[in-house]
Amino acid sequence: LIWLYMAAFGVEWKVAIQELAKSLGVREQDPVVRKLAFKEDSQSPQTNYPEKIAKAVRLYHKGIPIAGTLAEKYLRKHRRINGELPTDFRFVKSTWHLDTKEYPPALLAPIRDKDSQVIGVVRIFLNKDGSKYSKTYRDECGNLEKATPKANLGLSSHGAVTVQQGTIPTTLWVAEGIETALSIAKARPNDTVMASLSVNQLKNIPVGPEVQKVIICADNDGSSSNSQAALEKAIQHHLAVGRQVFITMPEGKEKCDFNDLLKQGGLEVVKQALSNLQEIKAATEIKAVLLKAVENPSKKILVKQPERIML
């Protein structure tokens, strides 16, 4: 809600807190208001750029290569990513989790800017068995909530995680999440594949001048108007700078991404889905594309038996 207010009225974090508090009849001295205002240093992307980046870089350099760690187990066993993994991914045995106030292990993926400099890290928190972090916590009102399994540290705006550097410099495949991007990379071994880290960041990915074609591998979020609006903005941006824009997504009524397809049906199913590209020449066309994806149920996916993986 605070971020929405900031975007709608073009104000900074503390100003948004003050104005929202005033409109609700809450005093600025209220402990909750003061605590939210204090979070500006850690949450607002408009302040402390050098400190944010330095903190992320320090954590990244504490990590070790993921071979033989819980991070590799998470990607291979729980996400079904086979073959070579990014060499710049790291693993840490413990890192601070804001929700639970614990120090779970985590996979670290570097967020890089247009100059390939590390400006942040994605932390994918893990359970002790290598599965996705699944703890709960009590919020300030005493309600039981699910702890976030992922969190970015540093900066993510105008950055992305490159999971594969391809041999075709003019084409870029981009997905939202890291696991989804890795699934696409295995199906497109000669292409550059990035993870934007959210649908809202698809328009901000660091694209070099050599890229002429951007293929957006969208999650199927159903009829979500928020996703549609974000995709429209991304398409408008890439078209405006003269790039060709294509889009592909898993079809079906249930929410689904390309990693879901990989886990359910294997790599051939992902390849088949990615072959269904549609060029978008105007952002207004995206509504019809999304509607088709939601209303056109996918063919039944043959689920393969998982291979045994020894780590």
Side-chain angles (χ1 to χ4, degrees), residues 1-13 16 43-46 49 111-114 119-120 122 150-152 154-163 170-181 184 191-251 255-259 273-274 276-295:
L1 178 60
I2 298 168
W3 285 111
L4 177 62
Y5 191 92
M6 291 169 64
F9 296 99
V11 297
E12 296 184 353
W13 178 270
Q43 293 192 13
S44 175
Q46 304 180 28
Y49 280 170
I111 304 171
R112 299 182 187 273
D113 64 11
K114 60 182 179 61
I119 59 173
V122 181
K150 300 180 184 180
N152 299 342
L155 302 182
S156 56
S157 179
H158 299 284
V161 175
T162 300
V163 303
T170 57
T171 301
L172 172 65
W173 295 68
V174 58
E176 295 177 34
I178 291 171
E179 299 90 341
T180 309
I184 293 162
D191 291 302
T192 298
V193 184
M194 284 184 177
S196 69
L197 308 180
S198 78
V199 67
N200 292 310
Q201 290 297 324
L202 286 169
K203 66 182 186 298
N204 297 327
I205 53 174
V207 182
E210 71 281 359
V211 175
Q212 301 172 11
K213 180 166 66 175
V214 173
I215 302 170
I216 298 175
C217 305
D219 295 349
N220 189 338
D221 292 330
S223 56
S224 170
S225 59
N226 292 334
S227 295
Q228 178 180 323
L231 285 170
E232 287 178 355
K233 289 181 179 179
I235 291 166
Q236 286 173 344
H237 168 73
H238 294 298
L239 289 175
V241 295
R243 301 184 186 112
Q244 282 184 290
V245 179
F246 293 79
I247 191 167
T248 180
M249 67 174 63
E251 294 182 346
K255 291 189 176 183
C256 182
D257 60 36
F258 287 100
N259 184 245
L274 291 175
N276 185 25
L277 299 180
Q278 181 165 344
E279 184 173 6
I280 306 294
K281 296 185 177 181
T284 52
E285 298 176 10
I286 191 62
K287 184 175 182 179
V289 174
L290 296 179
L291 185 62
K292 178 184 176 183
V294 172
E295 292 185 345

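Along the sequence shown, the residues carry numbers beginning at 1. This one's a predicted model, so the numbers in the text were calculated from it and none came from an experiment. Atoms considered below: every heavy atom in the structure, side chains included; atoms not considered: hydrogens, waters and symmetry mates.
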Checklist entry - Under the side chain to side chain contact (heavy atoms under 4.5 Å, CB included) criterion, do Val163 and Val161 qualify, and how do the steps go? => result CA-CA 6 Å; Val163 303; Val161 175; 4.1 Å; yes
Checklist outcome for this item: Heavy-atom nearest pair, Gly159 first then Pro206, reads C-CD, 3.7 Å
Item to check | Rounded distance (nearest 0.5 Å) linking atom CD of Gln278 with atom CD1 of Ile215 | outcome: 13.0 Å
Checklist entry - Looking at side-chain heavy atoms only, is the closest gap between Leu172 and Arg243 below 4.5 Å? => result no
Checklist entry - Atom CG of Leu155 and atom CG of Asp113: how far apart are they, to the nearest 0.5 Å? => result 9.5 Å
Checklist entry - Roughly how far apart are Lys255 NZ and Ser227 OG, rounded to 0.5 Å? => result 7.5 Å
Next on the checklist: Rounded to the nearest 0.5 Å, what separates atom CG in Asn200 from atom CD in Glu176?
Outcome noted: 8.5 Å
Next on the checklist: Quick one, Val199 and Asp219 - any side-chain contact, counting heavy atoms below 4.5 Å?
Outcome noted: no
Item to check | Polar side-chain atom of Ser196 near backbone of Lys203 as donor-acceptor pair, under 3.5 Å | outcome: no
Item to check | Option from Val193, Val207, Leu202 for which side chain to side chain contact (heavy atoms under 4.5 Å, CB included) with Val174 holds | outcome: Leu202
Item to check | Heavy-atom pair with the smallest gap, counting every atom of Lys213 and Phe246 | outcome: CD-CE1, 3.2 Å
Checklist outcome for this item: Scanning both residues in full, the closest heavy-atom pair of Ile216 with Ala234 reads CD1-CB, 4.4 Å
Checklist entry - Which distance, rounded to the nearest 0.5 Å, do you find between the CD of Gln201 and the NE2 of His158? => result 7.5 Å
Next on the checklist: Do Cys217 and Thr180 make a side-chain contact, defined as non-hydrogen atoms from C-beta onward lying under 4.5 Å apart?
Outcome noted: no
Checklist entry - Within the side chain of Asn204, is there an N or O that forms a donor-acceptor pair under 3.5 Å with the backbone of Ser157? => result no
Item to check | Where Ala160 and Met194 come nearest, the two heavy atoms and their spacing | outcome: CB-SD, 4.0 Å
Next on the checklist: Just by distance, no angles: are the side chains of Glu232 and Gln228 close enough, under 3.5 Å, to form a donor-acceptor pair?
Outcome noted: yes
Checklist entry - Of all residues at least two apart in sequence or in a different chain, which pass the side chain to side chain contact (heavy atoms under 4.5 Å, CB included) check with Asn152? => result Ile111, Val122, Ser156, Leu197
Checklist entry - Would His238 and Val211 count as a side chain to side chain contact (heavy atoms under 4.5 Å, CB included) if you check the C-alpha gap in whole Å, the side-chain angles of each, and the deciding distance to 0.1 Å? => result CA-CA 10 Å; His238 294 298; Val211 175; over 6 Å; no
Next on the checklist: Would you compute the distance between atom CG of Leu231 and atom CD of Gln236 and round it to the nearest 0.5 angstrom?
Outcome noted: 11.0 Å
Checklist entry - Run the side chain to side chain contact (heavy atoms under 4.5 Å, CB included) check on Ile184 and Leu274 step by step: do they pass? => result CA-CA 8 Å; Ile184 293 162; Leu274 291 175; 4.0 Å; yes
Item to check | Which residues share a side chain to side chain donor-acceptor pair (under 3.5 Å) with Gln212, sequence neighbours left out | outcome: none
Checklist entry - Of all residues at least two apart in sequence or in a different chain, which pass the side chain to side chain donor-acceptor pair (under 3.5 Å) check with Thr192? => result Gln165
Checklist entry - Between Ala218 and Ile247, which heavy-atom pair has the shortest distance, and what is it? => result CB-CD1, 4.3 Å
